[in-house]
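In what follows, a structure is listed as structure tokens, so that the remarks can point back to it.
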Amino acid sequence: MNDTTAVASSKTSVRNTPDTTSRELKRNDAAMMPPVDVIEDAAGITLRADLPGVGKDKLNLRVEADTLTIEGEVSIPTPEGMEASYAEVGLPRYRRVFTLSKELDTAKVAAEFRNGVLSLRIPKAEHAQPRRIEIKVS
Amino acid sequence: MYRSLFSRDVFSELDRLQREIQESFDVSPSIRGLGRGGFPALNIGGTPQAVQIYAFAPGLDPAKLEVELDRGVLTIAGERPSELPASDDKAAVHINERFAGRFRRVVSLSDDLDPNGVTADYREGVLHIGIKRRESAQPRRISIQ
């Protein structure tokens with residue numbers, strides 16, 4: 001009786017381990033939320049995000065199903081032995097997640113990254129582009 | 001403290017609350033106010049030889065940035081043009097968080113700095129200013145005879 005419960009509990013703990021570690025990891029790598037502008041026009045959505053201090057190779061953009069994740073790591077070369085005396089940017093990471101809507105064509109996302117500003121253009125799918133609806137008058 | 005009974009602007013009330021909370025943490029705020037939340041965000045660090053200032057100012061033309069050091073007071077000023085569409089365009093602005101407009105940030109630094117030893121560069125949206133300390137202020141090893 002005791003043995004089985006021990007086995008069962010150890011099993012559940014084994015199954016739970018990766019889950020909890022990933023959750024802890026998420027809590028540990030706290031990130032700043034970059035300010036963004038989101039503008040929608042007839043053909044699509046433009047998103048601009050301020051990510052100062054992020055190198056081009058440290059920027060990570062992901063589209064999974066209907067979520068867009070923007071992640072960037074701040075990497076600023078500092079002289080050796082520097083002691084921070086004042087910091088308004090206190091975390092080395094940016095992260096922001098958006099839920100996209102289904103009329104957006106995630107396969108055609110275009111991204112540009114210049115001077116710490118990310119510009120994303122997400123076009124609307126062909127069938128979702130606006131069409132003028134004829135009104136018939138009988 | 002008198003406060004209008006008619007103040008029902010939720011956002012300004014939240015701003016005030018945030019200020020009061022910050023003030024209770026910062027024991028003595030500087031005469032130039034609480035810098036936090038301003039544009040550009042600043043990080044400051046130092047070594048025995050120099051002071052390093054990092055201003056997080058993305059999307060600027062470095063040629064139009066004004067950086068001035070006067071009697072130990074550093075001023076960073078410039079303008080970030082708005083990239084939002086004009087209101088008559090057929091576009092909807094859903095989120096508008098990025099800073100636009102003129103900015104000026106003033107920081108008072110220690111007085112052992114050498115105004116001739118200033119370097120500034122702009123990379124990946126970060127303005128880095130390095131200011132050397134005066135020779136006389138640098139730590140020296142004193143040899144014992």
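Naming: A, B, ... by sequence-line order, numbering from 1 per chain. Keep in mind that this is a model prediction, so the values were computed, not measured.
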**Prompt:** Taking every heavy-atom pair that is under 4.5 Å apart, which of A:Gly55, A:Gly81, A:Pro79, A:Pro52 has the most such pairs with chain B?
**Reply:** A:Pro52
**Message:** Between the side chains of B:Arg98 and A:Asp37, is the shortest nitrogen-to-carboxylate-oxygen separation below 4.0 Å, so that they form an ion pair?
**Reply:** yes
**Complete:** Here the pair of heavy atoms bringing B:Arg133 nearest to B:Thr47 is NE-O, 3.1 Å
**Residue A:Ile76 versus chain B: region with a heavy atom under 4.5 Å** = side chain
**Request:** For atom NZ of B:Lys132, decide whether the heavy atoms of other residues, nucleotides or ligands shown that lie under 6.0 angstrom number more than 12.
**Result:** no
**4.5 Å side-chain heavy-atom contact, A:Arg93 and A:Met32** = no
**Fill in**
Interface check, chain A: of B:His128, B:Arg123, B:Glu83, most non-hydrogen pairs under 4.5 Å belong to B:Glu83
**Contact class of A:Val54 relative to chain B, heavy atoms under 4.5 angstrom** = backbone
**Item:** Which atoms of B:Gln49 approach chain A - backbone, side chain, both or neither, heavy atom under 4.5 Å
**Value:** neither
**Request:** Please determine if A:Arg48 and A:Glu112 form a salt bridge, counting it only when a charged side-chain N lies under 4.0 Å from a carboxylate O.
**Result:** no
**Item:** B:Pro48, part contacting chain A, at a heavy-atom distance under 4.5 Å
**Value:** neither
**Complete:** Among B:Asn96, B:Val126, B:Leu42, the residue with the most heavy-atom pairs under 4.5 Å to chain A is B:Leu42
**Request:** Considering only heavy atoms and a distance below 4.5 Å, find which of A:Thr78, A:Val117, A:Asp50 pairs most often with chain B.
**Result:** A:Asp50
**Request:** Mind ranking B:Ala41, B:Ala91, B:Gly46, B:Gly59 by heavy-atom pairs under 4.5 Å with chain A and telling me who comes out on top?
**Result:** B:Gly46
**Message:** Looking at B:Asp111 and B:Arg134, is there a salt bridge between them, counting it only when a charged N and a carboxylate O are closer than 4.0 Å?
**Reply:** no
**Prompt:** Between B:Leu60 and chain A, which part of the residue has a heavy atom less than 4.5 Å away: side chain, backbone, both or neither?
**Reply:** backbone
**Item:** Note, A:Thr67 side chain near A:Leu100 side chain (heavy atom, < 4.5 Å)
**Value:** no
